[in-house]
Amino acid sequence: MERRQPRAGSQEDQTRGLILDALVQQAFEQAFPGEDFSFVRVLPATDPKFGDFQCNDALKLAKKLKLPPRAIAEKVAALLPLKVEVAGPGFLNITVTGDWLEGRLSEMCADAHLGVEQCGKGRKVVIDYSSPNAAKQMHIGHIRSTVIGSAIDRIFRALGYDVIADNHLGDWGTQFGILIKGYRECLNDSERENLTVANLEKCYVLSAAKAKESEDWKDECRRELVKLQQGDEENLGLWKRFIDISIGEFERMYAKLGVKFDTYRGESFYNPMMPGIVSRLEEMGLAKESEGALIVDLSDEGLGVAIVRKSDGGYNYTTSDLACVKSRVEEYNPERIIYVTDDRQQLHFKQFFNIAAKMGYTGVQLVHVPFGLMSYQGKAISTREGNLIKLDDLLAESVKRCLATLSERGNADEALAEQIGYGAVKYADLSHDPATAIDFNWDKALALDGNSGPYLQYAYARVCSLMDKAGEDPEAVSAAGFATESNSEKQLALQLLKFPSVVRRAAEAYKPSVLAEYLYATCQLYSSFYQNSPILKSEAELRSRRLNLCRLFGKILKAGLALLGIETPSHI
RNA sequence: GGGGCUGUAGCUCAAUUGGAUAGAGCAUCAGACUACGAAUCUGAGGGUUGUGGGUUCGAUUCCCGCCAGCCCCGCCA
């Protein structure tokens with residue numbers, strides 16, 4: 001928060017996907033030889049009454065082939081070895097057989113990745129998220145970058161990408177002059193000995209307030225900063241200690257949220273590279289002097305002006321981010337770097353991506369995933385408004401509420417309450433498109449019904465319970481096949497089949513909400529099936545086939561929630 | 001002034017990137033527990049997709065103009 005599109009799918013990604021694509025493409029080629037039909041796609045039907053799958057591409061071809069769309073569709077339909085109907089202006093509606101469905105489900109089960117294609121194999125991406133400021137406690141404003149970034153991280157890993165998750169800490173800058181001064185003057189001995197982030201935050205606030213009213217104090221802060229920047233041993237030691245304590249505190253939060261970083265490279269890491277970046281910008285004629293500062297003028301491109309060196313000689317975020325790209329390219333040579341920050345920083349990222357390209361960093365795809373700000377009960381979150389809720393407190397409150405609900409049902413299990421409480425908070429965020437702003441509200445975030453984390457976890461717990469009752473292994477799918485006869489079975493089966501393409505779509509759009517939405521819809525179909533179809537009481541063969549369907553549902557739900565960083569307790 | 005984001009049921013949000021009659025949850029109303037777990041399920045009502053044009057077989061989606069809200073625009077990140 002403090003610190004802060006192209007498609008993810010390359011051509012080889014597209015070659016897999018639903019087997020039906022290839023089949024229908026073939027029919028098109030056969031019907032109209034010599035044309036390229038690689039763009040043809042078969043999608044899940046938008047409504048069961050249109051069959052199971054549909055292809056809309058005959059309509060698109062009408063102009064090119066100079067034929068009425070229905071005629072095209074009919075010619076293709078006649079060549080397809082599937083049950084297919086031409087409807088409306090030229091839709092191809094495809095209905096698959098139970099055998100076909102069972103075959104696909106079996107393949108999915110047999111695959112270690114549940115059918116999720118490993119299109120990221122051998123491809124490296126850096127994902128830059130969370131990035132809180134050192135010496136401050138994390139608050140609810142940090143949730144989105146952390147939770148969305150972490151989910152994107154997991155989703156890319158699931159697709160086989162080699163991901164480097166980097167936490168770009170705000171660990172350098174003027175605030176450390178204020179902090180060091182505050183540490184020396186505003187804390188007592190015991191506070192200095194048992195230094196915590198809370199204490200750091202306190203002394204920062206006190207010191208910053210004094211700097212505001214006293215020029216002397218301000219000057220001293222500045223002097224401490226200069227000493228730090230010049231490598232003064234004592235100040236450097238303090239700085240290091242502040243950082244270590246901060247990271248320790250952040251990791252306590254990350255442990256609760258199930259977030260894990262590969263590297264913690266703050267701005268200090270890139271600080272030594274700043275002069276080099278600036279001189280290169282000057283050499284290339286990209287930067288020029290203006291009002292004492294060094295700027296890159298992008299106003300011709302509608303991007304305003306970016307300052308790369310301040311009039312006091314210091315550097316700021318644009319320079320730091322450029323240095324960061326240089327460093328990442330040299331060390332990792334990733335094909336992509338993904339930044340997850342709030343949408344106020346959009347201009348900055350456009351500027352900095354633009355400059356990076358001009359500096360020659362064109363081999364790496366730079367992607368900004370902006371998310372809408374979180375407000376609190378209709379008001380922007382700010383220290384002044386006094387509505388800054390600490391992340392720690394939020395999570396504790398969530399757990400407390402879940403524990404209360406569990407207690408009512410005679411199951412006051414603290415660890416379980418944590419799984420549900422943390423999951424509820426994460427799901428409340430991830431189920432929304434990142435682009436939309438969220439107004440935080442306790443009741444909404446912690447709701448236990450409807451489209452919520454607990455609903456999904458509950459559905460999973462019921463599958464486990466069912467398997468317990470059946471006395472069967474919850475994971476091991478038997479050879480009996482899958483129930484697909486009834487309408488609710490078939491709809492669930494078709495839904496389960498979508499999982500791989502949903503994971504890919506979530507990655508391509510950088511939207512974990514795509515996956516969340518899918519999981520919720522899947523749970524609704526499962527609950528409906530479960531409520532209306534006896535499983536354990538069915539005769540032996542049907543029972544086994546229904547149990548297999550439940551098992552696969554459970555596996556997919558568990559895997560999907562894991563990608564969102566949400567745990568799946570087997571008993572609630 | 002320049003730019004970005006947002007606007008869909010009373011409320012909170014979807015809509016597979018241009019497809020068929022715009023879907024869910026909450027709330028409201030009517031049903032289903034001698035239970036494969038009711039944190040569930042079945043059903044009902046609820047819409048001029050901010051607004052006016054345009055593009056075409058077809059627009060919530062793309063283009064232009066307006067309206068409203070939020071945000072950014074040289075020394076914070």
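These numbers come from the heavy atoms of this one structure, side chains and all, not from hydrogens, waters or symmetry mates. Letters A, B, ... mirror the listed sequences (proteins, then strands); counts begin at 1.
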Which part of the nucleic acid does [X] contact within heavy-atom distance under 4.0 Å: base, sugar-phosphate only, or nothing?
| X | answer |
| --- | --- |
| Asn441(A) | nothing |
| Asp439(A) | nothing |
| Glu291(A) | base |
| Ala437(A) | sugar-phosphate |
| Gln524(A) | sugar-phosphate |
| Ala87(A) | base |
| Thr318(A) | nothing |

What is the separation between atom [atom1] on [X] and atom [atom2] on [N], rounded to the nearest whole Å?
| X | N | atom1 | atom2 | answer |
| --- | --- | --- | --- | --- |
| Asn451(A) | A24(B) | CG | P | 13 Å |
| Leu43(A) | U17(B) | CG | P | 6 Å |
| Gln54(A) | A20(B) | CD | P | 8 Å |
| Gln491(A) | G23(B) | CD | P | 15 Å |
| Ile438(A) | A14(B) | CD1 | C1' | 14 Å |
| Leu373(A) | G69(B) | CG | P | 19 Å |

Atom [atom1] in [X], atom [atom2] in [Y]: separation rounded to 0.5 Å?
| X | Y | atom1 | atom2 | result |
| --- | --- | --- | --- | --- |
| Gln345(A) | His348(A) | CD | NE2 | 6.0 Å |
| Gln351(A) | Asp297(A) | CD | CG | 10.0 Å |
| Ser452(A) | Tyr458(A) | OG | OH | 12.0 Å |
| Asp57(A) | Asp21(A) | CG | CG | 9.0 Å |
| Thr568(A) | Gln457(A) | OG1 | CD | 7.5 Å |
| His432(A) | Ser513(A) | NE2 | OG | 9.5 Å |

Requested in this report: Counting heavy atoms from C-beta on, name the nucleotide in C13(B), C75(B), C76(B) closest to the side chain of Tyr317(A).
Outcome: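 Nearest to the side chain of Tyr317(A) among the choices is C76(B).
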**Report entry** Selected nucleotide, minimal atom distance to Val305(A) side chain, candidates G74(B), U12(B), U16(B)
**Finding:**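 For the Val305(A) side chain, the nearest candidate turns out to be G74(B).
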If the [atom1] atom of [N] is compared with that of [M], how far apart are they to the nearest Å?
| N | M | atom1 | value |
| --- | --- | --- | --- |
| C62(B) | A24(B) | P | 24 Å |
| U55(B) | G65(B) | C1' | 15 Å |
| U21(B) | A35(B) | P | 45 Å |
| G43(B) | U48(B) | C1' | 27 Å |
| C13(B) | A27(B) | C1' | 14 Å |
| C66(B) | C26(B) | C1' | 34 Å |
| U17(B) | G58(B) | C1' | 16 Å |
| A22(B) | G47(B) | C1' | 9 Å |

Query raised in the report: What pairs with Ser544(A) under side chain to side chain donor-acceptor pair (under 3.5 Å), at least two apart in sequence or on another chain?
Result: none
Query raised in the report: Has the side chain of Asn93(A) got a donor or acceptor atom sitting under 3.5 Å from an opposite partner on the base of A20(B)?
Result: yes
What nitrogen or oxygen pairs link the protein and nucleotides 38-40 of chain B at under 3.5 Å?
{"residue": "A38(B)", "atom": "OP2", "partner": "Arg462(A)", "partner atom": "NH1", "Å": "3.4"}
{"residue": "A39(B)", "atom": "OP1", "partner": "Arg409(A)", "partner atom": "NH2", "Å": "2.8"}
{"residue": "A39(B)", "atom": "OP1", "partner": "Tyr458(A)", "partner atom": "OH", "Å": "3.4"}
{"residue": "A39(B)", "atom": "OP2", "partner": "Arg409(A)", "partner atom": "NH2", "Å": "2.5"}
{"residue": "A39(B)", "atom": "N7", "partner": "Arg409(A)", "partner atom": "NE", "Å": "3.4"}
{"residue": "A39(B)", "atom": "N7", "partner": "Arg409(A)", "partner atom": "NH1", "Å": "2.9"}
{"residue": "A39(B)", "atom": "N7", "partner": "Arg409(A)", "partner atom": "NH2", "Å": "3.3"}
{"residue": "U40(B)", "atom": "O2'", "partner": "Arg462(A)", "partner atom": "NH2", "Å": "3.3"}
{"residue": "U40(B)", "atom": "O2'", "partner": "Gln531(A)", "partner atom": "OE1", "Å": "3.0"}
{"residue": "U40(B)", "atom": "O2", "partner": "Gln531(A)", "partner atom": "NE2", "Å": "3.2"}

Requested in this report: Compare the aromatic ring of Tyr520(A) with the six-membered base ring of A24(B) and state whether they stack according to the 5.5 Å and 30° rule.
Outcome: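 Stacking is absent between A24(B) and Tyr520(A), given that the ring centres and planes do not meet under 5.5 Å and under 30°.
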Query raised in the report: So what is the 5' to 3' dot-bracket string for RNA chain B, if pairs are Watson-Crick or G-U wobble with both distances under 3.5 Å, crossing pairs use [ ] and | means the partner sits on another strand?
Result: (((((((..((((.....[...)))).(((((.......))))).....(((((..]....))))))))))))....
Under 3.5 Å, N/O pairs linking protein and nucleotides 1-9 of chain B:
{"residue": "G4(B)", "atom": "O2'", "partner": "Gln346(A)", "partner atom": "NE2", "Å": "2.9"}

Report summary line: With Phe50(A) as partner, the option from Asn93(A), Thr95(A), Leu92(A) fulfilling side-chain contact (heavy atoms from CB on, under 4.5 Å) is Asn93(A)
Can you give the donor-acceptor pairs under 3.5 Å from side chains of residues 465-473 of chain A to other protein atoms, not counting sequence neighbours?
{"residue": "Glu472(A)", "atom": "OE1", "partner": "Arg551(A)", "partner atom": "NH2", "Å": "2.6"}
{"residue": "Asp473(A)", "atom": "OD1", "partner": "Glu475(A)", "partner atom": "N", "Å": "2.6"}
{"residue": "Asp473(A)", "atom": "OD1", "partner": "Ala476(A)", "partner atom": "N", "Å": "3.2"}

Report task. Could you tell me if the ring centre of Tyr339(A) sits under 6.0 Å from that of Phe352(A)? Result -> yes
Query raised in the report: How about Tyr270(A) and His168(A): are their ring centroids closer than 6.0 Å?
Result: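 Yes, close enough.
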Query raised in the report: Between Tyr264(A) and Asp166(A), does any side-chain donor sit less than 3.5 Å from a side-chain acceptor?
Result: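 No, Asp166(A) and Tyr264(A) have no side-chain donor paired with an acceptor closer than 3.5 Å.
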Query raised in the report: Does the side chain of Ser488(A) come under 3.5 Å of the side chain of Asn532(A) through a donor N or O and an acceptor N or O?
Result: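 No, because no side-chain N or O of Ser488(A) sits under 3.5 Å from a partner of the opposite role on Asn532(A).
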Query raised in the report: For Glu567(A), does the CD atom have more than 12 heavy-atom neighbours from other residues, nucleotides or ligands under 6.0 Å away?
Result: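 No, the 6.0 Å shell around CD holds no more than 12 heavy atoms from other groups.
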Query raised in the report: When you look at CD of Glu289(A), are more than 12 heavy atoms from neighbouring residues, nucleotides or ligands closer to it than 6.0 Å?
Result: yes
Anything under 3.5 Å between a protein N or O and an N or O of nucleotides 56-62 of chain B, put it in a table, one pair a line.
none

Syn or anti for [N], please, going by whether the chi angle lies within 90° of 0.
| N | result |
| --- | --- |
| U6(B) | anti |
| C29(B) | anti |
| G74(B) | syn |

Query raised in the report: Which residue lies toward the 5' end of RNA chain B, Asn316(A) or Phe91(A), if each is placed at its nearest nucleotide?
Result: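 Going by which nucleotide is closer to the 5' end, it is Phe91(A).
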Requested in this report: Using heavy atoms to find the nearest nucleotide of RNA chain B for Ala461(A) and Ser513(A) separately, return the residue whose nucleotide is more 5′.
Outcome: Ser513(A)
**Report entry** Ring-face cation of Lys136(A) near Tyr204(A) (centre distance under 6.0 Å, axis angle within 45°)
**Finding:** yes
**Report entry** Evaluation steps, side-chain contact (heavy atoms from CB on, under 4.5 Å), between Tyr510(A) and Ile155(A)
**Finding:** CA-CA 9 Å; Tyr510(A) 306 104; Ile155(A) 289 168; over 6 Å; no
